[in-house]
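The structure under discussion appears below in the form of structure tokens.
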Amino acid sequence: MKYLIFADASADIDKSFGEENDVHYIPMEYSLGDEMRTCAGVETESVMKAFYNGQRNGDLTKTSQISPYLYKEYLEPYFKAGYSVLYLCLSSGLSSTYQSALLAKEELKEEYPELDFYPIDSLAATGGMGVLTERAVRNLDAGMSIEDNYNDLLACVAKIRHWFMVEDLMYLKRGGRVSAATAVVGSALNIKPILKIDENGKLITIAKKRGSKAALNELFELFKKTYDAECKDDVISIVHADAAEIAEELKQKVLEIYPDVTIRTGYLTPIIGAHTGPGMVAICHMGKNWEK
């Protein structure tokens, strides 16, 4: 059965890798100030710099959900061409897009019973989805069926780790992640929250560090503690919200202890950056299963 790999635009996937390996995207909408935009894949560096500079200059940013109707509209041309679809979706702990994809699956199955649509609740975002997407492509290239690929990725969902440092607490305040008082005091004291996506796919604060250097070191320590070196064939993703120097420093720290790994670095998608603000840095990788 012919099938294609899809991810939604909340994923951070190396642009060249996506183009060379026929990765497809479900577009998502976001706004910068009064302007509504559509993110249909990996944005260019110039677009992302303008986005984060807009945030620094006071432009409000937000995102919107994908409806079941839009899923069907985006995917139907591929089904008409005879392709099934394996789709990595933004965590159900952060968005309702996975539920919309399941509704679209029912409609597509009625019209195209000989084909399959496999949405995967990645319990991930940004670079974590990128790690899973590259694995999905590798499985496809190795001749794995869509069902076996789906099951392999489901088993890997529990292994994905995301560690974030955030520059501006005000974005977390708007999203209800921290209180207004915490945001004001934290900003005054140069406090940098450390966050993770937990086993339920939800974003939670796990530590607070004073200054970017201490926060960067904390990300590195969390990586060292949880990285599964047996997954050396899977990439490590480092993404940033216009903080390339910090991201590069983190990359070099990782390469000092694991010189043979593949690390992807790039800009954080505006779909996630709308809620975290400029200056954020994250490292996403394979780890061991969550302890129960």
Side-chain angles (χ1 to χ4, degrees), residues 1-31 36-43 63-154 156-157 160 201 269-272 274:
M1 180 186 293
K2 297 188 301 182
Y3 69 98
L4 299 170
I5 305 298
F6 272 73
D8 59 50
S10 64
D12 283 305
I13 299 165
D14 181 77
K15 187 175 180 65
S16 295
F17 179 89
E19 292 171 349
E20 292 167 4
N21 291 280
D22 199 30
V23 174
H24 297 260
Y25 301 89
I26 300 291
M28 301 179 84
E29 291 189 340
Y30 68 98
S31 64
M36 287 299 302
R37 300 179 175 183
T38 298
C39 181
V42 181
E43 300 281 23
T63 59
S64 60
Q65 303 287 349
I66 308 172
S67 69
Y69 168 78
L70 288 176
Y71 272 115
K72 189 169 183 291
E73 183 179 71
Y74 294 143
L75 293 172
E76 195 155 32
Y78 300 95
F79 278 76
K80 286 182 177 179
Y83 288 98
S84 292
V85 169
L86 179 62
Y87 164 54
L88 284 153
C89 182
L90 176 62
S91 170
S92 61
L94 302 173
S95 167
S96 65
T97 52
Y98 177 63
Q99 294 303 320
S100 293
L102 291 179
L103 293 173
K105 175 183 173 74
E106 294 178 8
E107 293 187 28
L108 288 164
K109 194 62 180 176
E110 287 183 8
E111 295 186 31
Y112 304 92
E114 74 283 4
L115 298 174
D116 288 309
F117 177 37
Y118 280 88
I120 297 173
D121 181 2
S122 69
L123 297 180
T126 177
M129 293 173 69
V131 174
L132 289 171
T133 301
E134 292 211 22
R135 186 180 182 97
V137 168
R138 190 168 74 244
N139 289 343
L140 172 61
D141 289 346
M144 192 176 286
S145 70
I146 188 170
E147 184 176 7
D148 287 346
N149 202 344
Y150 169 78
N151 288 326
D152 177 74
L153 294 173
L154 280 184
C156 289
V157 163
I160 295 293
T269 169
I271 305 304
I272 304 301

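- Looking at every heavy atom in both residues, S122 comes nearest to L88 through CB-CD2, 4.4 Å.
- For the residue pair I160 and G128, the shortest heavy atom distance occurs at CG2-CA, 3.8 Å.
- Legend: residues meeting side chain to side chain contact (heavy atoms under 4.5 Å, CB included) with S67, ordered by chain and number and at least two apart, are Y69, L70.
- The minimum heavy-atom distance linking D121 with S91 is given by the pair OD1-CA, 3.6 Å.
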Step by step, work out the side-chain contact (heavy atoms from CB on, under 4.5 Å) result for N21 and I5.
-> CA-CA 9 Å; N21 291 280; I5 305 298; over 6 Å; no
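- Residues satisfying the side chain to side chain contact (heavy atoms under 4.5 Å, CB included) test with A9, not counting sequence neighbours, are M28, C39, I271.
- No more than 12 heavy atoms of other residues, nucleotides or ligands lie within 6.0 Å of CD in E147, so this atom counts as exposed by the packing criterion.
- For residues 118-145, the pairs satisfying ring pair (Phe, Tyr, Trp, His ring centres under 6.0 Å) are Y118-Y150, with sequence neighbours left out.
- Listed for the T38 side chain is no donor-acceptor partner under 3.5 Å among the backbone atoms of A40.
- The shortest side-chain heavy-atom distance between L123 and S92 falls under the 4.5 Å cut-off.
- Atom-to-atom distance recorded for I26:CD1 and I66:CD1 is 6.5 Å, nearest 0.5 angstrom.
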Does the pair Y3 and D116 meet the rule for a side-chain contact (heavy atoms from CB on, under 4.5 Å), with working shown?
-> CA-CA 9 Å; Y3 69 98; D116 288 309; over 6 Å; no
Apply side-chain contact (heavy atoms from CB on, under 4.5 Å) to V157 and L153, showing your working.
-> CA-CA 6 Å; V157 163; L153 294 173; 5.7 Å; no
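- Between the side chain of D12 and the backbone N or O of G130, no donor-acceptor pair lies under 3.5 Å.
- In this structure, Y87 and A101 approach most closely via the heavy-atom pair CE2-CB, 3.9 Å.
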side-chain contact (heavy atoms from CB on, under 4.5 Å) evaluation trace for T126 with S10 = CA-CA 6 Å; T126 177; S10 64; over 6 Å; no
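- Annotation: the span from L154 atom CG to N149 atom CG amounts to 10.0 Å, rounded to 0.5 Å.
- For the atom pair CG of L102 and OH of Y71, the computed distance is 9.0 Å after rounding to the nearest 0.5 Å.
- The side chain to side chain contact (heavy atoms under 4.5 Å, CB included) search around F79 returns L75, V85, L108, Y112, L115, F117, not counting sequence neighbours.
- Atom NZ of K109 has more than 12 heavy atoms from other residues, nucleotides or ligands within 6.0 Å.
- Nearest heavy-atom pair, Y25 versus G18, reported as atom, atom and distance to 0.1 Å: OH-CA, 4.3 Å.
- Rounded to the nearest 0.5 Å, atoms CD1 (I120) and CG (L86) are 4.5 Å apart.
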Under the salt bridge (charged side-chain N to carboxylate O under 4.0 Å, His left out) rule, what do R138 and E134 come out as? Steps first, then yes or no, please.
-> CA-CA 6 Å; R138 190 168 74 244; E134 292 211 22; over 6 Å; no
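- By the side chain to side chain contact (heavy atoms under 4.5 Å, CB included) test, D152 is found to be paired with R135, N139, M144, C156, residues two or more places apart in sequence or in another chain being considered.
- Minimum interatomic distance between S31 and M36 (heavy atoms only, all atoms of both residues): CB-SD, 3.4 Å.
- Aromatic pair Y74/F6: ring centres not closer than 6.0 Å.
- Two residues are said to be in side-chain contact when any heavy atoms from C-beta on lie closer than 4.5 Å; D8 and M129 meet this criterion.
- Considering CD of E76 and CD of E111, their distance stands at 5.0 Å, rounded to 0.5 Å.
- Sorted by first and then second residue, the pairs that involve residues 97-107 and meet side chain to side chain donor-acceptor pair (under 3.5 Å), not counting sequence neighbours, are S95-T97.
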